[in-house]
Every structure is written in structure tokens, then in C-alpha cells.
K.L.:
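Just dropping this structure here.
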Number of protein chains: 4
Amino acid sequence: MAKKRGQKYEKIINAAVKVIAENGYHHSQVSKIAKEAGVADGTIYLYFKNKEDILISLFEEKMGFFVDYIKEKMESAQTIEEKVKTMISSHLEQLEKDHDLALVTQLELRQSNISIRMKVNEVLKGYLSLIDSVIEEGKESGTFDQAIDTRMMRQVIFGSIDEVVTNWVMKEHRYPLAPLGDSLHAFLMKGLLAPGKKEEYS
Amino acid sequence: MAKKRGQKYEKIINAAVKVIAENGYHHSQVSKIAKEAGVADGTIYLYFKNKEDILISLFEEKMGFFVDYIKEKMESAQTIEEKVKTMISSHLEQLEKDHDLALVTQLELRQSNISIRMKVNEVLKGYLSLIDSVIEEGKESGTFDQAIDTRMMRQVIFGSIDEVVTNWVMKEHRYPLAPLGDSLHAFLMKGLLAPGKKEEYS
Amino acid sequence: MAKKRGQKYEKIINAAVKVIAENGYHHSQVSKIAKEAGVADGTIYLYFKNKEDILISLFEEKMGFFVDYIKEKMESAQTIEEKVKTMISSHLEQLEKDHDLALVTQLELRQSNISIRMKVNEVLKGYLSLIDSVIEEGKESGTFDQAIDTRMMRQVIFGSIDEVVTNWVMKEHRYPLAPLGDSLHAFLMKGLLAPGKKEEYS
Amino acid sequence: MAKKRGQKYEKIINAAVKVIAENGYHHSQVSKIAKEAGVADGTIYLYFKNKEDILISLFEEKMGFFVDYIKEKMESAQTIEEKVKTMISSHLEQLEKDHDLALVTQLELRQSNISIRMKVNEVLKGYLSLIDSVIEEGKESGTFDQAIDTRMMRQVIFGSIDEVVTNWVMKEHRYPLAPLGDSLHAFLMKGLLAPGKKEEYS
DNA sequence: CATGAATGAGTCTTCATTCAT
DNA sequence: AATGAATGAAGACTCATTCAT
């Protein structure tokens with residue numbers, strides 16, 4: 001029933017981002033999104049099952065591109081340290097480039113109900129797996145401390161970056177975000193590096 | 001008008017935690033909270049200005065006690081490392097003890113509208129200041145790296161702990177939370193310690 | 001149960017007039033009247049059956065005095081014309097003296113429900129009978145036209161005075177009310193006088 | 001947003017008149033009006049901003065037609081006396097024809113809050129201006145007494161007619177209303193005519 | 001007599017979703 | 001495929017009144 005493509009599909013997703021960024025999650029009615037997209041209310045339901053589906057699709061679409069971009073950037077990284085650095089910097093860069101998207105993913109979409117947030121977490125798994133694989137690779141190559149609990153470390157890494165971005169959004173993007181990537185990276189590396197590697201890194 | 005104390009005040013707050021934990025934020029009607037508290041709907045409004053006020057008061061009340069408990073525990077800590085360890089462990093312990101409260105603060109209350117979340121952030125500031133003061137103290141005593149950006153580090157610490165707790169709640173408390181405090185502490189310390197202190201600590 | 005006298009009874013009535021004049025009928029809660037009267041909410045119910053009873057009693061009390069005053073003034077009138085003139089002037093004078101009361105009787109109390117207004121009409125009957133008796137007297141003495149329908153004339157007289165007062169209240173008492181009594185009287189007399197009496201009067 | 005026309009618009013207005021006439025102002029819930037109109041509750045809000053808007057629109061719609069009808073009838077009147085007579089008779093005739101409307105405009109709508117009544121007064125101004133223009137015309141043509149205060153006379157005329165109608169409604173339409181128009185007219189004319197005109201008129 | 005904390009019935013309005021055209 | 005008018009369920013809050021003290 002709901003076609004997950006077509007130019008109107010894209011139009012509606014982008015309209016949703018704009019409307020939510022401008023009006024806030026709770027003031028973003030389907031009719032407002034339809035108007036912004038230039039379609040009739042009913043048309044929304046030819047492309048999306050329901051309102052929840054718009055939000056989840058929005059996140060899938062944008063986050064899919066988001067993760068793909070990070071992966072692509074990381075491919076040119078040589079060392080594991082560079083990979084971590086690239087991951088952090090491309091995470092920050094992308095969100096800094098699109099204020100609306102940052103506002104929607106960091107603040108507005110988190111006001112949605114549990115069922116949407118569970119689906120959002122599903123989408124996030126791709127990114128979390130990427131982080132996991134980097135940590136594992138570092139541990140296997142001996143660069144990272146073998147004793148590290150991968151899951152916990154992934155939560156720390158993601159939680160740290162996420163908190164930094166959220167604070168930046170809540171401060172209404174009043175300072176540049178990307179520069180924070182360096183100190184964030186430096187800090188995380190200190191915690192990640194294997195005992196013998198510390199000096200090298202320093 | 002709204003009396004911020006009395007046994008009914010407490011009863012209503014605790015009823016709100018239970019009802020929200022059981023039904024989710026969006027299905028927690030005032031009448032349901034009143035019923036759980038064993039009072040009439042109208043009685044709620046003798047103690048709270050409106051529904052929003054219940055949620056903010058809930059957070060203030062519980063988070064006030066939460067931070068006080070952490071502060072008290074930290075008083076018996078001798079070294080700065082111990083302080084950080086105590087902070088993390090008492091943060092985790094408290095939430096592990098009260099599953100309902102953890103669910104409400106980590107997931108449900110974050111679905112509320114911006115105005116509530118702004119107030120919640122105000123309340124959180126007490127805790128964030130505590131983290132700041134610990135970092136500053138560590139930097140001044142030479143235990144922590146002087147180069148550390150306090151604000152960013154506070155975000156990393158809070159974001160890490162918060163993410164760990166949120167994951168635990170989302171996994172429906174299926175594993176013990178407190179034990180994660182040690183590795184979290186170990187990791188954060190590695191990032192915090194001043195260059196010369198790393199060996200000592202190890 | 002409800003005692004229709006005592007100093008608190010008077011206090012509550014006067015408080016009601018003040019509260020309604022200041023806040024409007026629909027924003028005059030029983031608790032507000034109680035506070036203004038300096039008594040507890042529950043005390044109101046020792047003197048009045050219910051809220052409706054306060055309003056009716058207010059009207060009875062004030063209108064009783066109002067009609068008594070007019071009657072008294074009319075006693076010293078010699079001719080029937082003077083009686084009419086005195087009736088109109090003392091009607092206007094009394095309301096001009098007490099802006100709060102005028103506001104309450106002309107505007108606010110008319111927002112009450114039908115059952116109150118029916119009771120209010122009962123109270124008004126005393127005044128309407130007075131008007132009737134003056135008309136009848138005029139007709140019997142030959143001063144007024146015998147052909148006049150007493151009921152209709154009473155409605156015209158009361159309706160005219162009432163409309164003039166209401167307009168004055170709605171214009172926020174911005175002009176003196178009493179002076180209008182003369183032209184009102186002159187007009188009504190022209191309509192009332194018997195054919196042969198017109199010249200005399202002029 | 002609110003479309004001020006369409007057959008549903010009319011349906012809802014007429015349903016409101018009927019429901020208010022039958023149940024009284026304070027027992028006329030929006031859902032009751034919707035049911036009577038044969039539409040869903042929500043449909044009301046496609047045509048009216050809110051409940052208040054229904055009542056104001058009702059008055060505007062009906063009173064607009066009411067005044068237009070009187071104006072039209074008055075056009076065929078030759079003399080100024082005939083104009084006054086026509087004005088009074090068509091005022092009474094219209095309300096006598098529609099008992100529900102009379103009940104709503106004379107009693108029920110006056111129980112509404114100040115903001116509605118202010119708007120109602122705005123609508124009434126059209127009628128009051130009409131009365132004013134007749135009085136002015138009579139004064140200019142020498143038929144009416146030049147000394148007459150137009151504003152006061154308008155209040156007397158409107159107040160008299162209004163009181164006569166209100167009494168008729170409160171007596172539950174138990175007697176015919178229109179016949180009262182003649183004596184009302186006769187009375188008002190006596191008061192209005194210029195000194196020299198009285199004999200002519202008689 | 002007096003208090004005032006507690007009660008609980010009652011209603012307007014929003015907005016996601018449908019479906020006849 | 002697209003429209004947009006119509007639907008109708010759902011919930012926070014007020015305030016007159018009571019009654020234990």
C-alpha cells in the first residue's frame with residue numbers, strides 16, 4: 001500500500017524535517033507536513049502507513065545516508081586511530097551542516113512515543129555496529145586494550161558524541177561543533193589505547 | 001495555591017512514577033494518577049498547578065534526593081579518583097534500585113514537550129555542576145590533565161553514564177547495572193589523568 | 001438551615017456585589033466571595049442555600065431597599081406627574097450613586113441562568129406593581145388616557161428606564177445619568193396624558 | 001479556516017437555535033448541536049472557530065436578515081409615521097413567527113459572557129442606527145420634535161419594544177404579540193410628534 | 001458557629017485517518 | 001494517483017458543595 005519511493009516520498013520526508021524543526025514535534029500535524037510538501041493530506045497515506053511511519057522513514061532515510069557517509073569517509077583512513085577520528089569528525093560535520101536535521105534527531109524525535117524510539121534504535125544499530133567493528137578491530141590489532149568491554153565502550157563513545165551534539169543543539173548552535181571532535185577524539189583514545197600504546201600515541 | 005508538601009503531595013508523586021512506568025508517558029492521564037494515589041482528580045490540583053507541574057515536581061523531588069545522595073556518598077571519598085568512582089557507582093546504584101524511577105527518567109520523561117524538558121534541564125544543572133566541580137578539583141590538584149575542557153568532559157562523563165543506564169533500561173534491566181561502573185570509571189580515569197599520573201594509577 | 005440575617009449575611013451580600021462588579025459574573029466563584037467577605041467557604045452555606053441563593057438574596061435585599069426608597073420619595077409627591085417624575089429620578093439617582101450595584105444588576109446578573117432570572121423577576125414584581133398602580137391612579141383621576149393598556153405601558157416605562165441605565169453602564173458611567181430623567185419623564189408624559197390634559201401639561 | 005457559508009454552516013446555525021431554545025444556553029453542548037445538525041462534532045470546527053463563534057454567527061446571521069427585512073418593509077412606507085409603525089410591526093412579526101429564535105435572542109443569548117455580548121452589541125448597532133436615522137429624518141422634516149435627544153429616544157424605542165417582546169417570551173408566548181405594535185406605536189408617536197403636529201396626528 | 005481540605009461531575013477542542021469523488 | 005471534507009475518540013481542569021474537626 002505505502003510506496004517507499006517516488007519524488008513525493010522524498011518531498012514529504014523533507015517537509016517533515018522542516019516542519020518539525022520549525023514547529024516542534026508536538027505541533028507538527030500531518031496536515032502541516034502535507035501543506036509544506038505541497039500535497040493533499042490524503043496523499044501522505046499513499047506513501048506512508050501512518051504518521052509514525054513518516055517519522056521512522058525520515059530517520060531511516062536520513063540516518064542511512066548519515067552512516068553511509070561516515071563509512072565512506074572511514075575507508076580512506078589508514079590507522080585505527082584515524083578511523084576513530086574520522087568517525088567522530090564526520091558525525092559532527094554532518095549534523096553541523098544541517099541544523100534542521102540535527103534539531104529533529106537530537107531533540108524533537110526523542111519526544112516521540114516509545115514505539116517510535118524502539119524503531120529508531122533499530123535504525124541506529126547500523127551505526128552502533130560500525131562503532132563495535134572499529135573497537136573490535138582495534139582490540140584485535142593490539143592497538144586497543146583487550147580488556148575493554150566492547151558494548152560498554154560503544155555506549156560510552158556514542159553517548160559522549162551524542163551528548164556533545166545535543167548540548168550544541170540546545171545552545172542553539174551558538175558555537176562551532178566540529179572543533180570539539182579533536183578533544184573528544186583525544187579523550188576517547190586515551191581510554192581506548194592498550195597500555196603499551198599510550199606512549200606511542202602521546 | 002499549589003502546596004508543595006504534605007503526605008498527599010508525596011503520594012501523588014509516587015503514584016505518578018508508578019503510573020508512568022506502567023503505562024508510558026502518553027497513556028498516563030491525570031485521572032489514572034489520582035486513582036493510583038487514592039485521591040480525587042480535583043485534589044491533584046490542590047497540590048500541583050497542572051499536569052506539567054506534576055512531572056516537573058516529580059523530577060525535582062527525585063532528582064534532588066538523587067544528587068543529595070551522591071554528594072553524601074562522595075564526602076567519605078579521600079582521593080579524587082575515589083570521588084569519581086563513588087559518583088558513578090552511586091548514580092548507577094540508585095537507578096538500579098528503583099526500576100520504575102529509572103524507566104521514567106531515562107525514557108518516559110524525555111517524551112515530554114520542550115517546556116518540561118527545559119525545566120528538567122534546570123534541575124539537572126545541580127548534578128552537572130557537581131561533575132564540573134570534581135573535574136575542576138582534579139585539574140587543580142594536578143591529578144587530572146590541565147588541558148581538559150571541563151564542559152566537554154562533563155558532557156562526556158554524563159553522556160556516557162546516561163547512555164549506559166538508558167541501554168540497561170531499554171534492555172529491560174536484564175543484566176546488573178552496578179558492575180558496569182568499574183569499567184566506566186576505569187575508562188574515564190584513563191582519559192582524565194594527567195600524563196605523569198597514568199603510571200601511578202595503573 | 002440558611003439564616004437570612006446576621007452581620008455575616010450582610011457582609012457576604014456586599015462582598016458578592018463587589019466581587020461580581022470587579023470580576024464579572026462568570027469569574028465570581030464562591031471562594032472569591034468568601035475571601036472578600038472574610039469568611040470560610042463553608043460559612044457561606046450557613047447563610048445561603050447555594051450560590052444561586054446568594055444572587056437572588058442579593059437582588060432581593062438591594063432591590064427591596066431600592067423600591068422602598070422610591071416609594072418613600074413618591075409619598076411627598078402631590079400630583080400624578082410628580083409621582084412619575086419622582087419615580088424615574090429616584091430610580092436613576094440610586095443607581096448612579098452605586099456604580100457597583102448598577103453594574104451587577106444591569107449587566108452581570110443578567111448572565112445568570114433562567115431560573116435565577118425568573119426569581120429576579122419575582123422580586124421585580126414589587127417595582128412593576130408600583131408602576132402599575134401609578135398608571136392606574138393616573139387613569140382613574142383622568143390625568144392619563146383611559147385607553148392606555150396598563151401592562152404594556154408599564155413595560156414601556158420600565159423598558160425605557162432600564163435601557164437608558166444599561167446604556168449608561170455599558171458606556172462605563174462616562175456621563176451623568178440623573179439629568180436624563182427629565183427628558184425621559186417629558187417623553188413618557190406626552191404619551192401618557194389624556195387628550196384634554198396635553199395642553200395643561202405643556 | 002472557518003468557512004462562513006455552505007449548507008452545513010446553515011444547518012449548524014439552525015441546529016444551534018433549536019438546541020438552545022429547547023435546552024437553554026447552559027445545557028447546549030457542542031456535541032448536542034452537532035447531533036441535531038446531523039454532523040460530527042469535529043465538523044462544527046470546520047465552519048466555526050469555537051463555540052462562541054457559533055453563537056455570534058447565529059446572531060449575525062439571524063439579526064442581519066432581521067434588520068434587512070425591516071429595512072425592506074420600511075421602503076414602501078410613505079410618511080415618517082408609517083415608517084415607525086412598519087419598523088415596530090415588522091420587528092414584532094418576525095419574532096412572533098419564530099418562537100425559537102425569539103427565545104434565543106431575548107433570553108438565552110443574554111446569559112452568555114461579556115465577550116459574546118459585546119459582539120452581539122456590534123451586530124445590534126445596525127438596527128440602532130436604523131432607528132436613529134428614522135428619528136433624525138422625522139426631526140429634519142419637522143414631523144418630530146426638534147428638541148428630542150436622538151440617542152435617548154432610540155434607547156426608549158428599542159428598550160420599549162425589547163421589553164414588550166421579552167415579556168411575551170417569558171409569558172411563554174401565551175398571547176399574540178403583533179397586536180401590541182399598534183398601541184406601542186401610538187404611544188411612541190405621542191411622545192415623538194412636534195407640538196403642532198399632535199392635533200394632525202390625532 | 002466556623003473552618004477549609006477534599007470531592008468529582010462535566011465539556012470543548014484537536015487531529016490522525018478515511019473514503020467518496 | 002490524488003484530493004480534502006468529514007469523522008469521532010479522548011482528556012485536562014474548574015468550582016459548587018460537603019463534612020470531619
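Lettering follows sequence order; numbering is per chain, from 1.
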K.L.:
Could you tell me the separation between the NZ atom of C:K51 and the C1' atom of F:dT14, rounded to a whole number of Å?
P.N.:
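In whole Å, F:dT14 C1' lies 11 Å from C:K51 NZ.
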
K.L.:
Nearest whole angstrom, please: distance from the P of F:dA16 to the NZ of C:K49.
P.N.:
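Those two atoms, NZ and P, are 16 Å apart.
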
K.L.:
Looking at B:N23 and B:H27, what are the two nearest heavy atoms and their distance?
P.N.:
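For B:N23 and B:H27, the tightest heavy-atom pair comes out as O-CB, 3.4 Å.
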
K.L.:
Whole-Å distance between E:dA2 P and C:I12 CD1?
P.N.:
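Checked: the CD1 to P distance equals 9 Å.
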
K.L.:
With sequence neighbours excluded, tell me which residues meet salt bridge (Lys or Arg N to Asp or Glu O under 4.0 Å) with B:D41.
P.N.:
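B:D41 satisfies salt bridge (Lys or Arg N to Asp or Glu O under 4.0 Å) with no other residue.
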
K.L.:
In terms of side-chain heavy atoms of D:Y45, which of E:dT14, E:dA16, F:dT17 is nearest?
P.N.:
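Output: E:dT14.
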
K.L.:
Do A:E52 and A:N113 touch side chain to side chain, with heavy atoms closer than 4.5 Å?
P.N.:
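Heavy-atom side-chain distance check passes, below 4.5 Å.
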
K.L.:
Please map the stems of DNA chain E, keeping only stretches of three or more Watson-Crick or G-U wobble pairs with both distances under 3.5 angstrom.
P.N.:
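Stems found: E:2-21 with F:2-21.
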
K.L.:
With sequence neighbours left out, which residue pairs that include part of residues 105-114 of chain A fulfil the salt bridge (charged side-chain N to carboxylate O under 4.0 Å, His left out) condition?
P.N.:
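Qualifying pairs: A:R110-A:D162.
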
K.L.:
Extract from the structure each pairing of a protein N or O with an N or O of nucleotides 6-10 of chain F at less than 3.5 Å, listing the distance.
P.N.:
residue : atom : partner : partner atom : Å
F:dA6   : OP1  : D:K8    : NZ           : 3.0
F:dA6   : OP2  : D:Y47   : OH           : 2.7
F:dT7   : OP2  : D:A40   : N            : 3.0
F:dT7   : OP2  : D:T43   : OG1          : 2.2
F:dG8   : N7   : D:G42   : N            : 3.1

K.L.:
Calculate the interatomic distance between A:I33 atom CD1 and F:dG4 atom P; express it in whole Å.
P.N.:
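Nearest whole value for this atom pair: 17 Å.
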
K.L.:
To the nearest Å, how far apart are C:K32 NZ and F:dT14 C1'?
P.N.:
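Checked: the NZ to C1' distance equals 12 Å.
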
K.L.:
Can you name the residues that form a ring pair (Phe, Tyr, Trp, His ring centres under 6.0 Å) with D:F48, not counting sequence neighbours?
P.N.:
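Per chain and number, D:F48 pairs via ring pair (Phe, Tyr, Trp, His ring centres under 6.0 Å) with D:Y9.
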
K.L.:
What is the distance, rounded to the nearest whole Å, between atom CG of D:L55 and atom P of E:dC12?
P.N.:
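One finds 10 Å between P of E:dC12 and CG of D:L55, rounded.
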
K.L.:
Sequence neighbours left out, what passes salt bridge (Lys or Arg N to Asp or Glu O under 4.0 Å) with B:E22? Give chain and number order.
P.N.:
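With neighbours one apart ignored, the set is empty.
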
K.L.:
Applying side-chain contact (heavy atoms from CB on, under 4.5 Å), run through A:K119 and A:V123 and close with a yes or a no.
P.N.:
CA-CA 7 Å; A:K119 294 264 180 71; A:V123 178; 5.8 Å; no

K.L.:
Mapping A:S31 and D:H26 onto DNA chain E by nearest heavy atom, which one lands closer to the 5' end?
P.N.:
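Result: D:H26.
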
K.L.:
About how many Å separate CG of B:L101 and CD1 of B:I20, when rounded to the nearest 0.5 Å?
P.N.:
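If I round to the nearest 0.5 Å, the distance is 10.5 Å.
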
K.L.:
Using whole Å, what does the distance between atom P of nucleotide F:dA12 and atom CD1 of B:I54 come to?
P.N.:
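Computing the B:I54:CD1 to F:dA12:P distance gives 9 Å.
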
K.L.:
Classify B:V30 by what it touches in the nucleic acid, base, sugar-phosphate, or nothing, heavy-atom distance under 4.0 Å.
P.N.:
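Answer is sugar-phosphate: B:V30 comes under 4.0 Å of backbone atoms only.
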
K.L.:
Identify which one of A:E36, A:E61, A:K62 satisfies the side-chain hydrogen bond (donor to acceptor under 3.5 Å, both in side chains) criterion when paired with A:N14.
P.N.:
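Exactly one pass, corresponding to A:K62.
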
K.L.:
Rounding to a whole Å, what distance do you find between C:H27:NE2 and F:dA16:P?
P.N.:
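Checked: the NE2 to P distance equals 12 Å.
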
